[in-house]
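Taking it in order: structure first as structure tokens, then the write-up.
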Amino acid sequence: MEKYITSNLKTELGYFTLKSIKKKITYFYPSNDKSEKINNNHLHINFLKTLNNYFLKESSSFRYQLKLIGTEFQKKVWQEISKIKYGQTVTYNDIAKKVNSSPRAIGNACSKNKCLFLIPCHRIICANGSTGGYVLGENIKEYLIKLEKNAK
DNA sequence: TACAACTCCGCTG
DNA sequence: CAGCGGAGTTGTA
């Protein structure tokens with residue numbers, strides 16, 4: 001049985017659980033646990049540092065190996081999303097065209113993304129310019145987009 | 001089958 | 001032309 005390493009991190013946006021297995025991050029999602037528990041693990045410590053830098057606009061991307069858990073379709077979509085550069089936004093429709101699917105299905109796959117920030121699904125917006133939905137709420141999504149746009 | 005983090009199209013004013 | 005409503009679409013539980 002493979003062993004997962006878990007931490008509970010305090011961030012700008014609340015507490016998040018980080019899970020990794022064999023140096024690969026597999027999960028990063030909001031947590032109900034309001035206590036900070038950082039696993040004494042190089043990857044986790046490093047990740048937290050990168051995360052803080054991200055909010056301070058001093059880091060533009062997360063370069064970590066991910067272990068994606070999901071259907072083939074979801075992985076395909078997530079990989080496509082990962083290509084979106086820092087500060088860029090793309091529409092659901094754009095992604096849909098790339099994987100020969102429909103925007104509705106893309107939104108579906110995005111909402112199941114459990115690696116927030118690592119897979120930048122906050123950079124995907126509606127074709128009409130509105131933000132669309134987000135796990136943490138539209139306001140957070142907008143916040144992130146602005147954060148990236150204002151960074152230099 | 002019903003639902004979802006979408007989009008397009010046609011209708012009203 | 002803006003705003004609104006509804007149908008079409010594709011993948012999942």
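Lettering of chains follows the sequences in order, A, B, ..., and the numbering in each one begins at 1. Computed over heavy atoms, backbone and side chain alike; hydrogens, waters and symmetry mates excluded.
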Requested in this report: Enter the distance from A:C110:SG to A:I95:CD1 here, rounded to the nearest 0.5 Å.
Outcome: 7.0 Å
Report task. Would you indicate whether A:K34, at its atom NZ, is surrounded by more than 12 heavy atoms from other residues, nucleotides or ligands within a distance under 6.0 Å? Result -> yes
Query raised in the report: Does A:L13 offer a backbone N or O that forms a donor-acceptor pair with the side chain of A:T11 under 3.5 Å?
Result: yes
Report task. Decide if atom CD of A:Q65 counts as having more than 12 heavy atoms of other residues, nucleotides or ligands within a radius under 6.0 Å. Result -> no
Report task. Measure up the A:Y64 and A:F47 rings against each other and bin them: parallel (under 30°), tilted (30 to 60°), perpendicular (over 60°). Result -> perpendicular
Report task. Determine the stems involving DNA chain C; a stem requires 3 or more consecutive pairs of the Watson-Crick or G-U wobble kind, each with both distances below 3.5 Å, and the answer is none if no such run exists. Result -> B:1-4 with C:10-13, B:6-13 with C:1-8
Report task. With sequence neighbours excluded, give me every salt bridge (charged side-chain N to carboxylate O under 4.0 Å, His left out) pair touching residues 107-116 of chain A. Result -> none
I'd like a list of close polar pairs between nucleotides 7-13 of chain B and the protein, N/O only, cut-off under 3.5 Å.
unit_1	atom_1	unit_2	atom_2	d
B:dT7	OP1	A:N93	N	3.3
B:dT7	OP1	A:A127	N	3.1
B:dT7	OP2	A:A127	N	2.8
B:dC8	OP1	A:N93	ND2	3.2

**Report entry** Outermost DNA chain C nucleotides near chain A [under 4.0 Å, heavy atoms]
**Finding:** C:dG8 to C:dT12
Query raised in the report: Do other residues, nucleotides or ligands put more than 12 heavy atoms under 6.0 Å from A:N139 CG?
Result: yes
Query raised in the report: If you count the non-hydrogen atoms of other residues, nucleotides and ligands that lie under 6.0 Å from NZ in A:K75, is the total more than 12?
Result: yes
Query - Nucleic acid contacts of residues 129-137 of chain A, taken as heavy-atom distances under 4.0 Å to DNA chain B - result: A:G133, A:Y134, A:V135
Requested in this report: For the residue pair A:D33 and A:S31, confirm or rule out a side-chain donor-acceptor distance under 3.5 Å.
Outcome: no
Requested in this report: Could you list by number each residue of residues 108-123 of chain A showing a heavy-atom separation from DNA chain C of less than 4.0 Å, or answer none if no residue does?
Outcome: A:N108, A:K112
For residues 19-26 of chain A, tabulate all N or O donor-acceptor pairs below 3.5 Å that involve a side-chain atom, not counting sequence neighbours.
unit_1	atom_1	unit_2	atom_2	d
A:S20	OG	A:H44	NE2	2.8
A:K22	NZ	A:E2	OE2	3.4
A:T26	OG1	A:K67	O	3.4

Report summary line: Numerically ordered, the residues 69-84 of chain A set in heavy-atom contact under 4.0 Å with DNA chain B is none
Query raised in the report: Which other residues end up in the same hydrophobic cluster as A:I5, if Ile, Leu, Val, Met, Phe, Trp and Tyr are linked when side-chain heavy atoms come under 4.5 Å apart?
Result: none
For residues 115-134 of chain A, dump all side-chain donor-acceptor pairs below 3.5 Å to protein atoms at least two apart in sequence or in another chain.
unit_1	atom_1	unit_2	atom_2	d
A:H122	NE2	A:E148	OE2	2.9
A:R123	NE	A:E148	OE1	2.8
A:R123	NE	A:E148	OE2	3.2
A:R123	NH1	A:I84	O	3.0
A:R123	NH2	A:E148	OE2	3.0
A:N128	OD1	A:S130	N	2.9
A:N128	OD1	A:S130	OG	2.8
A:T131	OG1	A:E138	OE1	3.1

Query raised in the report: How would you list all residue pairs meeting salt bridge (charged side-chain N to carboxylate O under 4.0 Å, His left out) that involve residues 4-18 of chain A, not counting sequence neighbours?
Result: none
Query - Selection residues 39-54 of chain A - residue pairs positive for salt bridge (charged side-chain N to carboxylate O under 4.0 Å, His left out), sequence neighbours left out - result: none
Query raised in the report: Can you tell me how far C1' of B:dC6 sits from NZ of A:K141, to the nearest Å?
Result: 11 Å
Query raised in the report: Quick one: does A:S101's side chain have a donor or acceptor within less than 3.5 Å of a partner on A:A96's backbone?
Result: no
Query - Separation between OG1 of A:T50 and CZ of A:F62, rounded to the nearest 0.5 Å - result: 7.0 Å
**Report entry** Heavy-atom donor-acceptor pair, A:D94 side chain to A:T91 backbone, under 3.5 Å
**Finding:** yes
